[in-house]
Amino acid sequence: REEYVHTIEDLLGVHYDAQDPNGLGEDAQWHGFERIGSVMSLSPSHVEKLFAAAETILSEAWPTAQPERISTRKDAIDLRGGPDRAKLTAQGLADKVRVDLWPGSELQGGRPGPGKALPAPGNYKVRIQLSGLQPSGGRAPHLAVYAVDLDRMLFEQDVVAPEDAPTVIEFTTHLPPGNHNYRVSNEVPGPSNLPRSGRADPRIPFLSIRDGRRPWQMKLTDEKGQPLWPFLIIDWIEWEGPIPGDQAAKITPFVASQGKSPEDAGAPLERFTEKAFRRPVRPEEMKRLLALMQAEMDSSETFEAAYRTAMIAVLCSKDFLYLVEGSPSEPSDTVNDWELASRLSYFLWSTMPDEALLSSARQGNLHEREVLRGHLQRMLADAKIQRFTSAFPRQWLQLHNVGMFPPDKKLYPDYDAYLEKSMINEATEFFRAVLKEERSLREFLNSDWTMLNARLAEHYQISGVTTDRFQRVALRNGDHRGGLLTQAAILSLSSDGTRHRPVHRGKWIMESIFGKSPPPPPARARRSHP
């Protein structure tokens with residue numbers, strides 16, 4: 001699924017949201033690994049989803065009409081609801097109203113605007129103006145933007161900005177069309193805002209930490225004006241999009257919108273098929289695709305519609321969906337240069353080979369040691385290697401199981417989703433640093449450093465980390481956080497949420513570190529009655 005997303009993006013410039021509810025199903029796993037061909041299968045339901053995905057992807061890459069573009073803003077009155085806009089406008093206060101978000105509080109219905117559904121799939125830019133007040137010695141407020149019906153976190157970040165000098169957070173995310181529901185929240189633990197003393201009064205607009213709160217409500221600050229809790233103050237949210245990407249540049253060499261017969265589409269269709277199949281196209285394959293176009297045109301479809309059908313057929317072909325190696329008619333003990341290019345590219349980049357790899361395969365010299373070594377060094381230095389340094393440790397260390405048994409809330413009230421995500425990222429960032437710096441494998445077992453952000457450093461009680469960006473941190477002898485085995489994510493895998501489970505820890509070490517599965521437990525002896 002992950003490789004499919006990256007391949008589509010490199011082929012057509014479209015980001016397909018495969019993990020959305022209407023996307024592709026989860027991949028089968030073997031000891032945490034998602035890319036073991038022998039345990040994966042292709043059922044009729046998979047084929048249906050892949051066909052629907054191909055149609056969705058092609059319609060975004062090559063739209064039949066220019067999509068409508070929206071640009072809208074919701075201010076604090078729109079977001080909170082309650083205060084009378086006309087009355088506030090008459091009082092000169094409408095542009096001064098703000099929204100206060102206590103720890104754990106949220107804004108529901110963060111749609112782009114009244115009745116404004118997203119008109120087309122694509123990248124949308126979101127801007128939020130807000131302040132973030134952090135208590136002395138406490139946590140920073142944490143902004144989270146979550147797509148409820150898509151079950152997807154769109155953006156999250158610690159925000160620290162004075163009340164009178166708000167900052168603007170901007171991010172871009174890919175979204176499908178429709179009137180989706182978005183939740184904007186302050187994801188930090190703190191006092192409940194459910195009692196009347198905590199939550200905002202809809203009849204009184206919140207203007208500042210000094211105005212908009214009743215005297216008997218919980219205080220936001222102390223007598224000196226310092227915040228007592230980490231809270232956010234939001235001014236407005238803007239939506240803009242869809243933002244043009246590189247889809248047009250990617251698909252232009254493959255477009256054939258005018259012609260009288262399938263042969264008129266032969267050249268661009270062959271270019272597209274070769275790029276998608278990651279090898280030269282065979283004459284019989286082109287013959288089948290052109291015959292499909294002819295059948296569509298015989299059924300009164302236009303030339304362009306018939307050509308689109310042929311492109312969808314390519315995206316649903318086994319030669320696109322599979323890493324095809326060898327041939328029953330020509331058995332071989334080695335892979336050829338085209339197959340080697342795909343092996344190398346999907347191993348390190350989780351995507352199709354780039355033009356440099358394909359060029360070496362075309363010249364027939366990719367298998368030569370020096371040429372292969374040169375490509376390896378080039379690929380390790382490319383930004384796309386981050387896909388490997390994120391995906392491989394997540395699968396190797398079985399990090400998908402982190403959070404399966406969350407800590408008991410009564411025992412660990414400060415445990416939250418952001419801490420859980422930070423725990424997983426510590427392991428992947430640690431792996432990335434070991435690989436990039438070419439450090440010894442022994443670092444995985446014992447090191448005098450680790451990778452931390454502010455949230456995880458607070459959890460470990462390690463000082464000196466103030467941002468949510470991961471950074472290298474030197475460890476003291478008493479920290480006991482060196483290597484993988486003492487990291488929070490790894491330790492959580494052998495806990496049931498209340499206590500440590502040594503047997504589970506031993507099983508994980510045998511499988512993930514030594515590469516051996518423990519034997520099944522012995523059968524219980526049957527006791528006979530005297």
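Keep in mind it's a predicted model, so treat the numbers as computed, not measured.
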### Task
Report the C-alpha separation of Gln487 and Leu397 in whole Å, then their side-chain angles, then the decisive distance to 0.1 Å, and conclude whether the side chain to side chain contact (heavy atoms under 4.5 Å, CB included) test is met.
CA-CA 12 Å; Gln487 292 180 2; Leu397 302 173; 6.0 Å; no
### Task
Run the numbers on Leu154 and Val126 for side chain to side chain contact (heavy atoms under 4.5 Å, CB included), then give the verdict.
CA-CA 10 Å; Leu154 303 183; Val126 184; over 6 Å; no
### Message
Between Leu150 and His180, does the side chain to side chain contact (heavy atoms under 4.5 Å, CB included) criterion hold? Intermediate values first, please.
### Response
CA-CA 8 Å; Leu150 299 178; His180 306 292; 4.2 Å; yes
### Query
Would Ser422 and Glu426 count as a side-chain hydrogen bond (donor to acceptor under 3.5 Å, both in side chains) if you check the C-alpha gap in whole Å, the side-chain angles of each, and the deciding distance to 0.1 Å?
CA-CA 6 Å; Ser422 299; Glu426 178 190 16; over 6 Å; no
### Task
Please assess Arg505 against Leu491 for the test side chain to side chain contact (heavy atoms under 4.5 Å, CB included), listing each intermediate value before the final yes or no.
CA-CA 8 Å; Arg505 182 163 174 78; Leu491 292 172; 3.6 Å; yes
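Phe320 is listed as a side-chain neighbour of Leu11, based on a closest heavy-atom distance under 4.5 Å. At a threshold of 4.5 Å between non-hydrogen side-chain atoms, the residues Thr7 and Tyr346 count as touching. Side-chain atoms of Phe430 and Phe470, non-hydrogen and from C-beta on, never get closer than 4.5 Å to each other. At least one side-chain heavy atom of His31 sits under 4.5 Å from a side-chain heavy atom of Ser517. Tyr418 has its side chain within reach of Asp468: a pair of non-hydrogen atoms, C-beta onward, lies under 4.5 Å apart. Ile312 is listed as a side-chain neighbour of Glu55, based on a closest heavy-atom distance under 4.5 Å. When side chains are defined from C-beta on, Glu270 does not count as touching Glu285, because their heavy atoms never get closer than 4.5 Å. Side-chain contact between Leu357 and Leu340 is absent, with no heavy atoms from C-beta onward closer than 4.5 Å.
Across Trp62, Phe272, Tyr307, a single residue satisfies ring pair (Phe, Tyr, Trp, His ring centres under 6.0 Å) together with Phe254, and that is Phe272. With Trp396 as the partner, the ring pair (Phe, Tyr, Trp, His ring centres under 6.0 Å) test is satisfied by one option alone out of Phe33, Trp30, Phe444: Phe444. Among the candidates Met40, Gln29, Glu2, the single residue satisfying the side chain to side chain contact (heavy atoms under 4.5 Å, CB included) test with Arg35 is Glu2.
Other residues, nucleotides and ligands contribute over 12 non-hydrogen atoms within 6.0 Å of the CZ atom of Arg271. Around CD of Glu284, the count of heavy atoms belonging to other residues, nucleotides or ligands within 6.0 Å exceeds 12. Crowding of Glu156 atom CD: a count of heavy atoms from other residues, nucleotides or ligands under 6.0 Å exceeding 12.
Remark: side-chain polar atoms of Thr351 are paired, donor with acceptor, to backbone N or O of His6 under 3.5 angstrom. In this structure a side-chain-to-backbone donor-acceptor pair under 3.5 Å is missing from Ser359 to Glu355. At distances below 3.5 Å, at least one donor-acceptor pair connects side-chain atoms of Asp27 with backbone N or O atoms of Arg1. For the pair Ser345 (side chain) and Met352 (backbone), a donor-acceptor distance under 3.5 Å is present. The main-chain N or O of Gln386 is found under 3.5 Å from a side-chain atom of Thr389 such that the two form a donor-acceptor pair. Side-chain atoms of Lys250 come within 3.5 Å of backbone atoms of Asp10 as a donor-acceptor pair (strictly under, hydrogens ignored). With Lys421 contributing its side chain and Asp416 its backbone, the two residues share no donor-acceptor pair below 3.5 Å. Under the 3.5 Å distance criterion, the side-chain polar atoms of Ser59 are left unmatched by any main-chain donor or acceptor of Pro63. Side-chain atoms of His46 come within 3.5 Å of backbone N or O of Ser43 as a donor-acceptor pair. At distances below 3.5 Å, at least one donor-acceptor pair connects side-chain atoms of Trp349 with backbone N or O atoms of Met379.
The pair Arg432-Glu429 counts as a salt bridge, with a side-chain nitrogen and a carboxylate oxygen less than 4.0 angstrom apart. Comment: Arg455 does not engage Glu187 in a salt bridge, judged by the lack of any side-chain N to carboxylate O separation of less than 4.0 angstrom. A salt bridge links Arg69 with Glu240: the distance from a Lys NZ or Arg NE/NH1/NH2 to an Asp or Glu carboxylate oxygen falls below 4.0 Å. Here Asp354 does not pair with Lys384 in a salt bridge; the nearest charged N to carboxylate O distance is not below 4.0 Å. Between Glu304 and Arg308, at least one side-chain N (NZ, or NE/NH1/NH2) sits under 4.0 Å from a carboxylate O, which counts as a salt bridge.
Taking CD of Gln157 as the reference point, atom CZ of Arg469 lies at 12.0 Å (rounded to 0.5 Å). Atoms CG and CG, on Asp78 and Leu107 in that order, are 11.5 Å from each other to the nearest 0.5 Å. A distance of 11.0 Å separates CG in Leu452 from NE2 in His459, rounded to the nearest 0.5 Å. The distance from the CG atom of Asp414 to the NZ atom of Lys409 is 8.5 Å, given to the nearest 0.5 Å. The CG atom of Leu118 lies 10.0 Å from the CD atom of Glu68; values are rounded to the nearest 0.5 Å. Note: Leu399 CG to Ser512 OG = 9.0 Å, rounded to the nearest 0.5 Å.
A pairwise comparison of heavy atoms in Asn22 and Tyr16 identifies O-OH, 4.0 Å as the closest pair. Among all heavy-atom pairs drawn from Glu339 and Glu325, the shortest one is OE2-CA, 3.4 Å. Residues Ile128 and Val145 come closest through the heavy atom pair CD1-CG2, 3.9 Å. Nearest heavy-atom pair across Asp337 and Gly364 is OD2-C, 2.9 Å. The minimum heavy-atom distance between Arg278 and Leu358, with the atom names listed, is O-CD2, 4.2 Å. Scanning all heavy atoms of the two residues, the minimum distance from Tyr412 to Gly497 falls at CE1-O, 4.1 Å.
The aromatic rings of Tyr182 and Trp239 lie tilted to each other, with the angle between the two planes from 30° to 60°.
Residues His142 and Asp158 have side chains that bring a donor and an acceptor to within less than 3.5 angstrom of each other. One side chain, His174 or Glu60, offers a donor N or O that lies under 3.5 Å from an acceptor on the other.
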